[in-house]
Amino acid sequence: MPEMENPKRPIWMAPDSRAVFIIDQRKLPQQMVIAALTTVDDVIYAITELMVRGAPLIGVTGAYGLYVAAGNTPGDFPSNEYLAREALRIKAARPTAVNLEWAVDRTLAVVLSENTAKGRIDAARREAAAIAEEEAENSRNIGRYGLALIERLSREKKGAPVNILTHCNAGRLACIERGTATAPIYAAHEKGIDVHVWVDETRPLNQGSRLTAWELGMENIPHTVIADNTGGHLMQQGMVDIVIVGSDRSTLTGDVANKIGTYLKALAAHDNNVPFYVALPSSTFDRQIRDGVADIPIELRDPDEVRYMPGFEKTGGSLLVPENSPAANYAFDVTPARLVTGFITERGVCPAEEAAIRAILDEKP
Ligand code: MRU
């Protein structure tokens, strides 16, 4: 696998290549490894194994998966049946982030309206690229709207640092540019507002300590990595002014699925009157279900991700538990709307209430 300088985006295509290129996020922050996805199996593997991850990026990768499928058709023409089958396989790669099915279905609809092989391949590539551009624009707007919240806290604190707690990685690696939860932080930092970020390590795969800390460090944004169970203590001590997290799937009723452990942070925030905001693009809202706790599918991953601490360099992983102890690896949890202060979307900020969410998304009741 080639190594290279830090690319601007976590996914891209080169003009002279049919491959889709990604940053292999499993290797960060130790190594910047670029992988080329040339088959649908490559795409599915990259999503399943978290080479790419984060709801908006999973969606964009799935959309490019259809481009790869169209280009690899077994006959001369990528038929409706073949593309629908490949779309289903891609959508099954990870269950919780609704962006995956949203982006694949959107791309499939456009591809099927073309009648030539070239038309279908070009349409898939164009649509995937369009979704990527939209998500980049969404992140910029989430940053713009979320900035107002941080500015207000900074004014209330008379310019003392605003302490923001975040969980997992809802940064540019999870999106296309600037992230969701991190976008308002970047905007505040660029405006000269004093911010400091508490970064949950986010066991078992450490997306916070490996990825969010790496991203913030590159922008010189003050931050401190904490063990996952630290947030409650910090909130009791008045050391957190606002929690901002991302989401993998949220309902129009305001329930939020995000990385496992998010719910506990929301409970602690509620108990300590700390505002708890969820930053997300409209592509992360599931319009079909109403009860997030009952109906959002929660991914159950390999227990060995909990049992072993991944090793870097050539050391392999370390076993953390007795050889025969089983482990359970629920990858996400659902925070009910009553614990969510509000949503920061690309269309503005709103409370976690159905009428307000529908109004901001322009969704009919
Ligand atoms: O398992 P992951 O790393 O894909 O989980 C990612 C998260 O939980 C993020 O917070 C979420 O996708 C929001 S990304 C803007």
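Counting convention: from 1, in listed order, for ligands and their atoms alike.
Looking from atom 5 (O) of ligand 1 to the surrounding protein, the closest heavy atom is K259 CE, 3.3 Å. Protein heavy atom at the shortest distance from atom 15 (C) of ligand 1 is T180 OG1, 3.1 Å. The protein atom (non-hydrogen) at minimum distance from atom 8 (O) of ligand 1 is D248 OD1, 3.0 Å.
Residue contact check: C175 has heavy atoms under 4.0 Å from atoms 15 (C) of ligand 1. Atom numbering of ligand 1 starts at 1 in the shown order; those under 4.0 Å from a heavy atom of N258 are 7 (C), 8 (O), 9 (C), 10 (O), 11 (C). When each atom of ligand 1 is checked for a heavy atom of A55 under 4.0 Å away, the hits are 12 (O), 14 (S). When each atom of ligand 1 is checked for a heavy atom of Q207 under 4.0 Å away, the hits are 1 (O), 2 (P), 3 (O). Listed by atom number, the atoms of ligand 1 under 4.0 Å from F332 heavy atoms are 1 (O), 5 (O), 8 (O). The R53 neighbourhood of ligand 1 comprises atoms 2 (P), 3 (O), 4 (O), 6 (C), with distances under 4.0 Å to a heavy atom of that residue.
The closest approach between N169 and ligand 1 falls below 4.0 Å for a heavy atom of the residue. Using a non-hydrogen distance threshold of 4.0 Å, P56 registers as a contact of ligand 1. Not a single heavy atom of A97 lies less than 4.0 angstrom from ligand 1. For the pair G179 and ligand 1, no heavy-atom separation below 4.0 Å is found. Within the structure, ligand 1 has R94 among the residues with a heavy atom less than 4.0 angstrom away.
A salt bridge between R249 and D286 is present, with a side-chain N of the basic residue lying under 4.0 Å from a carboxylate O of the acidic one. A salt bridge links E190 with R178: the distance from a Lys NZ or Arg NE/NH1/NH2 to an Asp or Glu carboxylate oxygen falls below 4.0 Å. Under 4.0 Å is where a charged nitrogen must lie from a carboxylate oxygen, and between E215 and R172 no such pair does. Salt bridge annotation for K259-D248: absent, with no cationic side-chain nitrogen under 4.0 angstrom from a carboxylate oxygen.
Using a 30° and 60° split on the angle between ring planes, F285 and F343 fall in the perpendicular class, above 60°.
One finds the OG atom of S154 at 12.5 Å from the CG atom of L149 (value rounded to the nearest 0.5 Å).
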Please report the C-alpha distance between V111 and E127 in whole Å, then the side-chain angles of each, then the deciding distance to 0.1 Å, and finally whether the side-chain contact (heavy atoms from CB on, under 4.5 Å) criterion is met. CA-CA 8 Å; V111 170; E127 196 63 14; over 6 Å; no

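In this structure, of S247, G54, A279, A174, the residue bringing a heavy atom nearest to atom 13 (C) of ligand 1 is S247.
No hydrogens or angles considered: a donor-acceptor pair under 3.5 Å links the side chains of S283 and E135. Residues R53 and N169 bring a donor and an acceptor atom of their side chains to less than 3.5 Å of each other. Using modelled atom types, one finds a donor on one side chain and an acceptor on the other under 3.5 Å when comparing N99 with T284.
Both the backbone and the side chain of A170 come within 4.0 Å of ligand 1, counting heavy atoms alone.
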